[in-house]
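The block underneath contains the structure these notes are about, expressed in structure tokens.
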Amino acid sequence: MDAHQYKFTYTIHKDKRMLAPADQSLINEAVMASQRAYAPYSNFKVGVAIRTSDAHVITGANQENGAFPIGQCAERVALYAMIHSAGRVPVDTVAIVVDNKNQKTPASPCGACRQMLNEYRSHQQTPMRLLLTLATGGQVIEINDISDLLPLAFDGSFLGQ
Ligand code: THU
């Protein structure tokens, strides 16, 4: 038997004011994006702002549907918008903000969004940072790289990419 252990380190900042100005404004963009969510079924509004390595900011928000499974998470809405408008440039930081009165701590991306974010991460040389917080403020969880949230990930390398 050969047991392996997986550890990762992340940071909790007390408030977004502890962050660099560019990160604070990225969070502000994500807060504004959360107001463009269409979430009449869950009332769980998510806003995402992506900053590319060349400092473009692209946003997205979750879009639900009466046919529940076809709704789309904010992360993927923002990612698709980014690919479409900015091209496949490296992603530097992704701010993810939740606006929901019952949610007291930041939420981290769902499994499908981790997989999707990691797809683009696997094609860039640099980490893809995440900043997770609430629209109402409070703590910011900083994750150094999306790949930290997806150990033993399946990616294109299994398909010879
Ligand atoms: N949601 C996101 O937009 N991102 C996530 O990472 C988790 C969940 C959305 C999907 C749905 O519209 C609502 O939040 C409740 O699950």
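Every number for a ligand or one of its atoms is a count from 1 in the order of the listing.
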Open item on the list: Keeping R114 on the side-chain end and L117 on the backbone end, is there a donor-acceptor pair under 3.5 Å?
Closed with: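 Absent.
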
Task: Numbered atoms and elements of ligand 1 in range of S42, under 4.0 angstrom, heavy atoms - done: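 Going through ligand 1 atom by atom, the ones under 4.0 Å from S42 are 13 (C), 15 (C).
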
- [ ] Would you mind listing which atoms of ligand 1 come within a distance below 4.0 Å of any non-hydrogen atom of E64?
- [x]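 Atoms satisfying the 4.0 Å criterion: 11 (C), 12 (O), 13 (C).
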
Shared hydrophobic cluster, [X] / [Y] (ILVMFWY, side-chain heavy atoms < 4.5 Å):
X: V31; Y: I141; answer: no
X: L132; Y: V98; answer: yes
X: M128; Y: V46; answer: yes

Quick test: of every protein heavy atom, which one is nearest to [atom], and how far off is it to 0.1 Å?
atom: atom 16 (O) of ligand 1; result: F44 CD2, 4.8 Å
atom: atom 9 (C) of ligand 1; result: N62 ND2, 3.5 Å
atom: atom 6 (O) of ligand 1; result: E75 OE2, 2.8 Å

Open item on the list: Between N28 and K16, do the side chains contain a donor N or O and an acceptor N or O under 3.5 Å apart?
Closed with: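 N28 and K16 do have a side-chain donor-acceptor pair below 3.5 Å.
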
Open item on the list: For atom 12 (O) of ligand 1, is there a protein heavy atom at a distance under 4.0 Å?
Closed with: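 It does; a protein heavy atom is within 4.0 Å.
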
Task: Closest to atom 2 (C) of ligand 1 (judged by heavy-atom distance), picking from A39, P40, C73 - done: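 The option holding the nearest heavy atom is C73.
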
Task: Best match, A74, G60, C110, G71: closest heavy atom to atom 7 (C) of ligand 1 - done: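 Heavy atom nearest to atom 7 (C) of ligand 1 belongs to C110.
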
TODO: Please indicate whether F8 has more than 12 foreign heavy atoms, meaning atoms of other residues, nucleotides or ligands, lying under 6.0 Å from its CZ.
DONE: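 Counting neighbours around CZ of F8, more than 12 heavy atoms of other residues, nucleotides or ligands fall under 6.0 Å, so yes.
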
- [ ] Flag yes if more than 12 heavy atoms outside H123 fall under 6.0 Å of its NE2 atom; otherwise flag no.
- [x]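 It does: H123 NE2 has more than 12 such atoms within range.
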
Task: ligand 1 contacted by P109 (non-hydrogen, < 4.0 Å) - done: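 Yes.
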
